[in-house]
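Written out below as structure tokens is the structure these notes cover.
In this text, all values refer to a predicted model and were calculated from it rather than measured experimentally.
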2 protein chains.
Amino acid sequence: MSSHSALPAVLDHIDAHLDESLERLMALLRLPSISTDPAFKADCDRAADWLVGALADLGMEARKDATPGHPMVVAHGPQQAGRHVLFYGHYDVQPVDPLELWHRDPFDPAIEETPAGKVIRGRGASDDKGQLMTFVEACRAWIAVHGSLPARVSIFLEGEEESGSPSLVPYMKANAEELRADLALICDTGMFDPQTPAITTMLRGLVGEEIVITGPNKDLHSGSFGGAAMNPARVLARILADLHDEDGRITLEGFYDDVPELSNAQRAQWENLGFDADGFLGAVGLKHPAGERGRSALEMLWSRPTCEINGMISGYTGAGFKTVLPSRASAKVSFRLVGQQDPAKIRAALRKHVEARLPADCTVDYIDHSAGPASVMATDDPAFEAARQALSDEWPRPAAFIGCGGSIPIAGYFKTVLGMDSMLIGYGRDDDQIHSPNEKYDLESFHKGIRSWARILAALAKA
Amino acid sequence: MSSHSALPAVLDHIDAHLDESLERLMALLRLPSISTDPAFKADCDRAADWLVGALADLGMEARKDATPGHPMVVAHGPQQAGRHVLFYGHYDVQPVDPLELWHRDPFDPAIEETPAGKVIRGRGASDDKGQLMTFVEACRAWIAVHGSLPARVSIFLEGEEESGSPSLVPYMKANAEELRADLALICDTGMFDPQTPAITTMLRGLVGEEIVITGPNKDLHSGSFGGAAMNPARVLARILADLHDEDGRITLEGFYDDVPELSNAQRAQWENLGFDADGFLGAVGLKHPAGERGRSALEMLWSRPTCEINGMISGYTGAGFKTVLPSRASAKVSFRLVGQQDPAKIRAALRKHVEARLPADCTVDYIDHSAGPASVMATDDPAFEAARQALSDEWPRPAAFIGCGGSIPIAGYFKTVLGMDSMLIGYGRDDDQIHSPNEKYDLESFHKGIRSWARILAALAKA
């Protein structure tokens, strides 16, 4: 039986067993695998164990490998011939604060009815547990119905994606032969809109840096010392304020040197997508694109580099007022990179910017959080067209090749470490509130996501 | 017996009973009366009860009065004739964070040996429990030895000084007849140096304001929205950075309109004090006066207005990194005022500064924390010279009339609400670390402080 004629029974099986697929996702969502916070280390380990169990249960050879950080999960399907694809996802999740803005416990997930349909509510529902489970459940259905997969499939899941993936590259290098496939499949991106599936072919890179300014050697009374002692919060405010000019451009020296302009063809394709910038910003209470003057919102999101303050703190921040002159002030700053921007060069330019504004009485420490370059996929592999067709068969509108504002460094690592291209397909929506309170994944994303992967696996066998 | 010949027996009694005085102070320091944090409301109440008990025990008529906030303590001494003085102190203390920088529990006080002598370590040891107890113990010694005080004494203690004193003025207005005296004595200031006692005759005023900037209606993923959505942390950084110009001057419109220049006589007196600016800053790890260019450190501290960031927070500030684009950013900002600067006018100028830098997509909320004008005392009352002489008799060097960088709004309220001048005398030292971790009060400050008040009470009877 060809993979094509085998597909309808698989899709029927997915529809008939959706509740069981959901139950398995819920069990994974209940594990609070927050990778950036050491308090949740054991929970990350439990999530890895759970996945090993689930993959073994559906008929794959699965194991957990320890790393200096959180463990890796690796599994191989029953087929060992044909086109080999390596599926990547991550089982770790973002922190949940501010917890008071959640309307339910982030780790007690539930199906909720909303005006837009049913959603799965909980931390990780979309990023990335719900997404990775669409692929796992598609494999489960193929094996349940036919005892085999239409392609040679390996699965590679990490637990440090939300905390800079410190163990990833060393692990990939040490296990390169096992992990290298013909193509990587990465499920950590979104649809273009709820009707239009997407294959993401442009990804921004990321540099994360924490800047810690120290002035006096202890917190002081602003009455006793104010006016005479240097306030590090004032120094930090100047450093952060000067990162952008009045036109919204980033002021670091050489920042735009390796930023390409969009080709006319790309710009035309994106204009044809009919992106609703007003609706996109309006959904989060905003009206005005805040990036570089003269750029469209889609350019700002997909093809322009950015600099954002992700967090800052200094002095007394509790209830009431304390007239302290703080000893320290710190900020977490990140840059989204495009084109050939070099993460190391950008980090060095930031440090130069900081030091140029550092008065004699302050010192600075840095915490280097993460770095990865931007990437652009080679879409001439026929697998891309096959997957686009498979997605278009499942969803109301044809699939599009799009850019993505987020950074998925794994795609760059697959290329540089394993010499392998990546195809990024996911079913997230813009309103999923990933990294925010009340994260959700539409039940439709989950259900049609499983069906999409079932179709793509069949299509890849032929491509 | 004259108050002068009665004094030596009182001083001997103080010396002989110092351990018992210390035990009473320790009991008061064990009560965590943090007024700004609602979690400690019951502890503030217990501190007020403790003081009522202590004042009644030494022979005064004492009571606790409820307010909408923390209670007031009022007591009257046995004498009802002669010059009437009203002593003021506060039993509330500052918050203790960052707690990890304390080398002992802030509310488990102890006498510690240091290279500079014995100190009483604990939150409130100096500000203001140790200071107020110097006066209470001086009264106790007079009454224990002679059954009476050399002057007519009332005591007025509040529990909201560290949180803006919201109940103070309404309470003073409602009890004006009872509280009005010939002179107020305020014990919440410091020595000029460890050998030189001081009567503080210039106090800076204070305006405290919290600025809360809101951009998107929820925290966003900086990958999905970065570049297109307005980041309120960036807006706040600009607002804060622009509060000072390159010369360290505050940029608010009209800020310096009501700031007087020092008279030549004042400047000469201060220059003669031989203030060690290098030592003052060196003690907290700094070298360069950070205020207005061209001003001496003592001017910056005593006679120039300031603007300080006391706290700021936005986004993710925990361990690791979170690529959030925050919904909110807030800062607590305070101004120290001098001369005729009007707190309401300064607050309005700050809000104008904020709003001029607020993009269309951000909103601002303010939390009004406290406001009080600067004050300059009328030192021609002979009580000032009498107290100066009494202090000079106790300490190695003659007492000085000085300025103070801190804000003690009570002195202004005594003038405006009760029409009463204030004499500010205290025994704190610059290195007491008030409002900071490891606050202390020198045992010498406590012991000689009690003796000083015993002398001043005798001197006031004659003045």
So what's closer than 4.5 Å to chain B heavy atoms on [X]: side chain, backbone, both or neither?
{"X": "A:S163", "answer": "neither"}
{"X": "A:E439", "answer": "neither"}
{"X": "A:Q94", "answer": "side chain"}
{"X": "A:T306", "answer": "side chain"}
{"X": "A:R238", "answer": "both"}
{"X": "A:L236", "answer": "side chain"}
{"X": "A:D242", "answer": "both"}
{"X": "A:L206", "answer": "side chain"}

(message) Ring-plane angle category for A:F321 and B:H369, please: parallel below 30°, perpendicular beyond 60°, tilted otherwise.
(response) tilted
(request) For the pair B:H435 and A:H221, name the ring-plane relationship: parallel under 30°, tilted 30 to 60°, perpendicular over 60°. (result) tilted
(request) State whether the side chain of A:R204 and the backbone N or O of B:G223 hold a donor-acceptor pair below 3.5 Å, judged by distance alone. (result) yes
(request) Report yes or no: does A:E308 contribute a side-chain atom to a donor-acceptor pair with the main-chain N or O of B:G227 at less than 3.5 Å? (result) yes
(request) List for me each residue that meets side-chain contact (heavy atoms from CB on, under 4.5 Å) alongside A:S296, sequence neighbours excluded, and say none if there are none. (result) A:L298, A:E299
(request) Apply the test side chain to side chain contact (heavy atoms under 4.5 Å, CB included) to residues B:T323 and A:R336: give CA-CA distance (whole Å), side-chain angles for both, the deciding distance (0.1 Å), then the verdict. (result) CA-CA 10 Å; B:T323 52; A:R336 301 282 169 177; 3.4 Å; yes
Chain B: which of [options] shares the most heavy-atom pairs with it under 4.5 Å?
{"options": "A:C307, A:A331, A:S35, A:P95", "answer": "A:P95"}
{"options": "A:A228, A:P232, A:G190", "answer": "A:A228"}
{"options": "A:H244, A:R295, A:Q433, A:M300", "answer": "A:H244"}
{"options": "A:K218, A:M230, A:R234", "answer": "A:R234"}
{"options": "A:D37, A:I367, A:V324", "answer": "A:V324"}
{"options": "A:G164, A:A229, A:G248", "answer": "A:A229"}

Between [options], which residue shows the highest count of heavy-atom pairs closer than 4.5 Å to chain A?
{"options": "B:C404, B:G226, B:A297, B:S334", "value": "B:G226"}
{"options": "B:D127, B:L240, B:L101, B:L301", "value": "B:L301"}
{"options": "B:G315, B:C362, B:S436", "value": "B:S436"}
{"options": "B:I239, B:L220, B:L281, B:N231", "value": "B:N231"}

(message) How long is the straight-line distance from CD1 of B:I313 back to CD1 of A:I313, given to the nearest 0.5 Å?
(response) 4.0 Å
(message) Between B:S224 and A:D430, does the side chain to side chain contact (heavy atoms under 4.5 Å, CB included) criterion hold? Intermediate values first, please.
(response) CA-CA 8 Å; B:S224 310; A:D430 288 341; 5.8 Å; no
(message) Quick one, A:S314 and B:I309 - any side-chain contact, counting heavy atoms below 4.5 Å?
(response) no
(message) Are A:P326 and B:N310 packed together at the side-chain level, in the sense that at least one heavy-atom pair is separated by less than 4.5 angstrom?
(response) no
Donor-acceptor pairs under 3.5 Å, side chain of residues 283-292 of chain B to any protein atom, not counting sequence neighbours: which ones?
unit_1, atom_1, unit_2, atom_2, d
B:E292, OE1, B:R304, NH2, 2.9
B:E292, OE2, B:R304, NE, 2.9

(request) Please say whether more than 12 non-hydrogen atoms of neighbouring residues, nucleotides or ligands are located less than 6.0 Å from CZ in B:R328. (result) no
(request) Might you confirm whether atom CD of A:E100 has over 12 heavy atoms from other residues, nucleotides or ligands at distances under 6.0 Å? (result) yes
(request) Write down the atom of A:A319, the atom of B:K332, and the distance for their closest heavy-atom approach. (result) C-NZ, 4.3 Å
(request) Decide yes or no on side chain to side chain contact (heavy atoms under 4.5 Å, CB included) for B:D97 and A:K322, but give the supporting numbers first. (result) CA-CA 11 Å; B:D97 53 304; A:K322 188 176 167 181; 4.1 Å; yes
